[in-house]
Amino acid sequence: MAHPYGRATALAAALLALGTALAAAPAARAGAAPARPAVTGPVVTRAGLDPALVSGRGAAVAFDEQEAENARTDGTVIGPGRTPYTLPSEASGRKAVRLLPGQYVEFTLPRAANALTVRSSIPDAPGGGGVTAPLDVTVDGRHRRTMTLTSQYSWLYNQYPFTDDPGADLLHPDWWLTECSCVPAGTTPAPILDKPFRPAHFYDEQRLLLGTTHRAGEKVRLTVPAGSPAAWTVIDLLDTELVAAPYVERGGIDVRALGADPTGRRDAAPAIERAVALARRTDRPVYLPPGTFRVDRHIVVDDVTIVGAGNWHTVLKGRQVTLAEPAPDGSRHTGVGLYGRPAAEGGSRNVHLSGFAVEGDVRERIDTDQVNAIGGAMSDSTIRGLYLHHTKVGLWFDGPLRNVRITDNVITDQIADALNLHTGVTDSLVRNNFIRNTGDDGIALWSEKTADARNTVARNTVQSPTLANGIAVYGGADTTVSGNLVADPVREGSGLHAGARFGAEPFTGTLRFTGNTTVRAGTLDLNWKIGLGALWFYALDGSIDADVRVTGDHYLDSTHNAVMLVSEYGVKDRYDIPAVHFKDIRVDGAGNSVLSARTKGSATFENVDARNVGAVGVNNCGSFHFPATGSEFALADLGGNDGGWLAPWLLPNTLTCDDRPPVVVPPAPAPWS
């Protein structure tokens, strides 16, 4: 979400250098590794894991994921590492492969494919703004194509809301800074901070249609040309898939007939708007055929169906345009997007969007800008099968609105969130979406001013949010988060989050986390300098006193804790987390504890199994009064809790408070016998 305050974080120096900062920290794994030996076959993963470990969870996608560190290469494996501001920390699985000009990484196709996606990073320009560089693609030594990689949409620096200028001074010198434990503007002598300060958001992805179908077993080689202007190229992963032929909407209004240019040279927005108007009069769908259609502003949609030929074939692509004067909502820019009418004007309804891509041009974060791919208010509507790329937020809905279905989309490389249901969104579904590389929460439900209610977030995959959380619920009523897969959050957030914060309406009714899997979550919070949980409850603006039940979740390889419940220290005697109920949980690897309690409240545990736990099973600080009667946080053992983590001596409220226990790195997750 568009967080209203700054993010204090720690610096990993010299990231721009060829060597890549891989400094070890308590939360980091081992440093850079040499090139791997030859790989004989494909190693298909999901979120960097054996797919068997996450079976039935996360989005069902059309592509096969292969991590570069598992492929054949003459480059250098970097990572694993979880220290923010380093390339490994933002890589899927926390590893990648660094190539110098002339080097390659080679993958084996696990299935027939005619399209691929490369997730990579190349250096920024010395003064910021990014560069471009080629990457050669060959299949079995022939069928050579060249991709153009770019860093124009990556490399952000400094304090929130960030800048693309690596030489910038502090954006907020009057904010507290963890690097110096001071307020720089009020400190004499002023602290000296290395530049670039807090580099982040390193990766970007590019898609390529190969023009022919290649068989399983053929080799896809990615080679950095000898003359590349990029000093290094980091390859994180390759996704390959078999893309269907373009879809044709029989009886639809073809936007070309209304004057839309499919080559992208002329502005297609007026023609698309004419097609939308005609479609509403004639009760027919709008058809976007194969091609690239230039759209540099919002197209307002209401009571209309817009169907593309498939998101690999139909692209709405736009430039970010500076407005002559700010819009009434505060926007300084506009860009490509499909928007419902504002809720204050009654909103839109019966909007159905499917089968196309939206390619934006957003390179900086300005929270007042409406430069999202999909926005406004759309009730009784569906958004399905889209590819949303390089916008601020993929889908930002400002309610009140009801009954929107968001399914089967791919949302990547966003400056902020992938999806936010904001203000009074009710009776809606977010299902089977794949999300990677957001600059803020992957999926957020934010009950600002008006509560969201009766929403379900199910079977989505969220990978590598560079800031904040994978899936976050900020207040609201009767929310279900089920069957999701969340991997590799980096800083100031974690995998799954319930937060009474950001001015959200209180939690009421039920809050359900059911059958989710997190991996490599439970990050180190760089403001507090304490470890979070893969599932993180935070009572800041109020108590979390809904009926909270966590059932069937799996927390794998958590950097610090599997679960954390915390109140802000300044409000710890006002707000609490009265009762959370855990049942049928598996914890496989936690650098610290299964549960870290830093609040007043209670929890029950039934059939919670844990192994490879680095510290005491329950790190119980309560609300930090340390009374002789024990912690203000109570635990109840309802039976079946295996692994020795919930020992009798911890019950009901033994104080075991260790503010910053050392991390014990667990082994990699494995099948549960």
Side-chain angles (χ1 to χ4, degrees), residues 1-3 300-303 329 337-353 367 370 372-384 386 388 391-409 411 414 416-433 435 438 440-460 462 468-482 484 496-513 546:
M1 62 183 292
H3 295 300
V300 176
V301 290
D302 186 11
D303 191 23
D329 62 10
L338 298 175
Y339 271 61
R341 294 189 298 130
E345 298 175 8
S348 294
R349 64 172 300 277
N350 194 33
V351 176
H352 305 285
L353 309 175
D367 281 338
Q370 284 282 356
N372 310 314
I374 310 294
M378 299 180 189
S379 293
D380 301 320
S381 297
T382 60
I383 295 91
R384 180 176 57 84
L386 305 187
L388 308 178
T391 53
K392 188 181 82 172
V393 176
L395 304 102
W396 182 287
F397 289 107
D398 287 307
L401 64 94
R402 65 172 302 278
N403 187 30
V404 61
R405 298 287 194 263
I406 304 162
T407 60
D408 308 319
N409 303 289
I411 312 166
Q414 300 294 310
D417 306 13
L419 165 65
N420 197 307
L421 302 184
H422 176 231
T423 303
V425 179
T426 62
D427 303 297
S428 294
L429 174 68
V430 178
R431 182 179 177 85
N432 204 61
N433 301 284
I435 295 164
T438 57
D440 216 306
D441 293 324
I443 298 172
L445 285 68
W446 185 15
S447 294
E448 187 183 31
K449 299 178 182 176
T450 305
D452 293 347
R454 299 178 301 280
N455 298 311
T456 297
V457 178
R459 292 294 302 271
N460 305 282
V462 181
N469 307 281
I471 300 174
V473 183
Y474 301 108
D478 300 325
T479 303
T480 299
V481 178
S482 66
N484 302 283
L496 304 170
H497 178 52
R501 52 196 302 214
F502 303 124
E505 294 296 300
F507 286 96
T508 59
T510 61
L511 175 61
R512 300 282 187 267
F513 291 95

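The residues of the chain are indexed from 1 along the displayed sequence. Nothing here was measured: the structure is a model prediction, and the numbers come from that model.
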Partner of Leu395 under side-chain contact (heavy atoms from CB on, under 4.5 Å), picked from Leu338, Ile406, Asn433, Leu386, is Ile406
Ile443 side chain near Ile435 side chain, heavy-atom distance below 4.5 Å: yes
Is the closest side-chain heavy-atom distance between Trp396 and Leu419 below 4.5 Å?
no
query: Is Arg454 paired with Asp427 through a side-chain N to carboxylate O contact shorter than 4.0 Å?
result: yes
**Side chains of Gln370 and Asp329 in contact at under 4.5 Å (non-hydrogen atoms)** = yes
Close side-chain approach of Phe397 and His422, heavy atoms under 4.5 Å: no
Exactly one candidate in Asp302, Thr382, Asp303 meets side chain to side chain donor-acceptor pair (under 3.5 Å) with Asn350; the answer is Asp303
Exercise for the section: Verify the distance criterion only: is there a donor paired with an acceptor across the side chains of Glu505 and Thr450 at less than 3.5 Å? Expected result: no
Residues pairing under salt bridge (charged side-chain N to carboxylate O under 4.0 Å, His left out) where one sits in residues 373-383, two or more places apart or in two chains, turn out to be Arg349-Asp380, Asp380-Arg402
(Q) Donor-acceptor pair, distance only, cut-off 3.5 Å: does the side chain of Asp398 make one with the backbone of Gly376? (A) no
* Asked: Does some side-chain heavy atom of Ile471 sit less than 4.5 Å from a side-chain heavy atom of Asn484?
  -> yes
Practice prompt. State whether the number of non-hydrogen atoms from other residues, nucleotides or ligands found under 6.0 Å of Arg405 atom CZ is greater than 12.
Written response: yes
* Asked: Any side-chain donor-acceptor pair under 3.5 Å between Tyr474 and Asn420?
  -> no
